[in-house]
Amino acid sequence: MGLFDKKNCDICGEKIGLLGNRKLDDGNLCKNCTSKLSPWFEERRHSTVEDIKRQLAYREENKNAVRSFSVTREFSADRYHVFIDDNKGMFAVAFNMSEQDNPDIVPLSAITSCRLDIDEQRVEEEYKDQDGESRSYVPPRYNYSYDYKIKLGVNTPWFDDMDFKLNTFSVKDHERAKMMNYEQLASQIITALTGAPAPAPVYSNGMMNQGYPQQGNMMNQGYPQQGGMMNQGYPQQGNMMNQGYPQQGNMMNQNAPQHGTMMNQNAPQQTSGDTWVCACGATNTGAFCEYCGSPKP
């Protein structure tokens with residue numbers, strides 16, 4: 001047989017179109033049968049034809065669970081909803097609770113872990129010098145954005161995680177109300193699913209939490225801080241030094257670098273004193289290390 005010969009689906013027997021084949025470990029699967037699988041299922045290529053047949057049988061039985069599901073609590077993110085049936089001790093994560101969508105109905109007892117994961121992205125701010133060239137501020141300044149994801153581990157025969165995002169579009173660093181809303185929603189979802197207080201969020205930025213709020217008394221690089229927040233990992237405002245982002249209070253210009261007591265919109269911050277090397281190995285000119293936040297010795 002040629003490479004582009006049409007194949008038959010090993011589940012339903014129908015002809016598979018030129019680009020419609022979904023390979024299995026020992027056979028072929030058409031797009032129509034693939035669409036009936038659980039949206040949380042990720043091991044299709046390593047599944048056998050018998051594995052897929054068993055899962056499709058489960059998916060048909062799941063429709064009965066959907067029909068008998070009685071929503072007692074619902075938590076709505078931008079796209080996903082968390083539905084809970086407290087009477088049966090079941091839950092689902094889906095766009096809609098309908099037989100047509102056929103969301104997987106999972107026992108609450110099957111949950112093995114649940115936490116908020118915050119993904120940070122940052123882009124450095126630059127300014128134009130008198131020659132029109134782009135220059136970095138000293139110390140560097142960054143614009144931050146964040147995505148909020150629930151990392152939900154479960155113990156089922158067909159999948160072991162149901163991770164989903166709370167937001168559709170990334171949240172900018174100045175959108176404080178949105179930040180609080182997503183974090184509060186995550187806390188409510190985690191508590192509802194696990195029956196325990198939500199743990200501190202995990203920051204998966206890959207940059208050692210340089211820009212996002214850090215827990216405890218560590219220096220926060222490049223992000224405004226807020227005090228009095230319920231979550232210790234959320235940005236804090238107060239008297240801690242904030243590197244690379246405009247300080248709040250003291251009537252300072254939040255968008256331009258400071259030059260002495262004058263506000264200069266077009267020039268980088270001036271620093272005083274000699275350069276110094278931090279214990280982490282970074283060379284700095286300011287009062288605090290640009291990378292780890294340690295004060296100048």
Side-chain angles (χ1 to χ4, degrees), residues 1-69 71 75 77-85 88-117 119 147-168 189-190 193-194 202 204 206:
M1 296 181 65
L3 179 64
F4 298 106
D5 290 342
K6 289 187 177 181
K7 301 176 176 61
N8 291 336
C9 175
D10 289 304
I11 303 299
C12 67
E14 294 294 324
K15 289 282 188 181
I16 299 177
L18 184 61
L19 300 177
N21 189 29
R22 304 294 184 265
K23 287 292 294 179
L24 299 175
D25 189 51
D26 60 350
N28 302 292
L29 188 68
C30 69
K31 290 193 295 185
N32 183 50
C33 289
T34 302
S35 68
K36 299 176 182 179
L37 297 172
S38 168
W40 309 109
F41 179 61
E42 299 174 342
E43 300 297 324
R44 185 257 308 164
R45 291 187 64 87
H46 303 292
S47 299
T48 66
V49 171
E50 288 303 314
D51 291 335
I52 297 301
K53 287 181 177 180
R54 286 195 297 270
Q55 184 179 159
L56 290 177
Y58 145 73
R59 291 288 290 162
E60 284 299 313
E61 294 175 1
N62 188 75
K63 292 180 180 179
N64 294 324
V66 172
R67 283 191 291 266
S68 63
F69 193 94
V71 178
F75 302 90
D78 287 0
R79 297 180 63 209
Y80 284 96
H81 296 245
V82 176
F83 303 97
I84 298 178
D85 184 341
K88 295 184 177 65
M90 310 293 279
F91 79 98
V93 179
F95 303 132
N96 296 291
M97 178 56 67
S98 68
E99 184 177 344
Q100 180 178 359
D101 290 335
N102 195 20
D104 292 275
I105 306 301
V106 181
L108 289 167
S109 59
I111 295 174
T112 58
S113 63
C114 190
R115 72 173 192 267
L116 172 61
D117 186 277
D119 182 41
D147 290 308
Y148 296 79
K149 178 183 285 188
I150 295 292
K151 303 284 286 186
L152 179 59
V154 293
N155 181 18
T156 79
W158 315 110
F159 47 86
D160 55 16
D161 63 73
M162 301 172 71
D163 301 343
F164 61 98
K165 281 177 61 175
L166 300 180
N167 57 300
T168 300
I189 290 173
I190 293 170
L193 291 177
T194 65
V202 175
S204 59

Please give me the minimum heavy-atom distance between [X] and [Y], naming the atom from each residue.
X	Y	answer
Leu37	Arg59	C-NE, 3.7 Å
Leu24	Ser47	CB-O, 3.5 Å
Ser98	Pro103	O-CD, 3.3 Å

- At what distance, to the nearest 0.5 angstrom, does CG of Asn32 lie from SG of Cys12?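 Separation between the atoms: 6.5 Å.
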- Is it the case that more than 12 heavy atoms not belonging to Lys23 sit under 6.0 Å from its NZ atom? yes
- Message: So, applying side-chain contact (heavy atoms from CB on, under 4.5 Å) with Met162, which one of Val82, Ile150, Val106 is it?
- Response: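 Among the candidates, only Val106 passes.
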- Item | Test side-chain hydrogen bond (donor to acceptor under 3.5 Å, both in side chains) applied to Ser68 - qualifying residues, sequence neighbours left out |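 With sequence neighbours excluded, Ser68 shows a side-chain hydrogen bond (donor to acceptor under 3.5 Å, both in side chains) to no residue whatsoever.
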- Any ion pair linking Asp147 and Lys165 (charged N to carboxylate O, less than 4.0 Å)? yes
- Expected output: side-chain Asp119 to main-chain Lys149 donor-acceptor under 3.5 Å: no
- Task: Spell out, as yes or no, whether a donor-acceptor pair under 3.5 Å connects the side chain of Asp10 to the backbone of Asn28.
- Result: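 Yes; at least one donor-acceptor contact below 3.5 Å.
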- Query: Looking at Phe91 versus Phe83, is the centre-to-centre ring distance below 6.0 Å?
  - Reply: no
- Query: Does the side chain of Asp104 pick up a donor-acceptor pair with the side chain of Tyr58 at under 3.5 Å?
  - Reply: yes
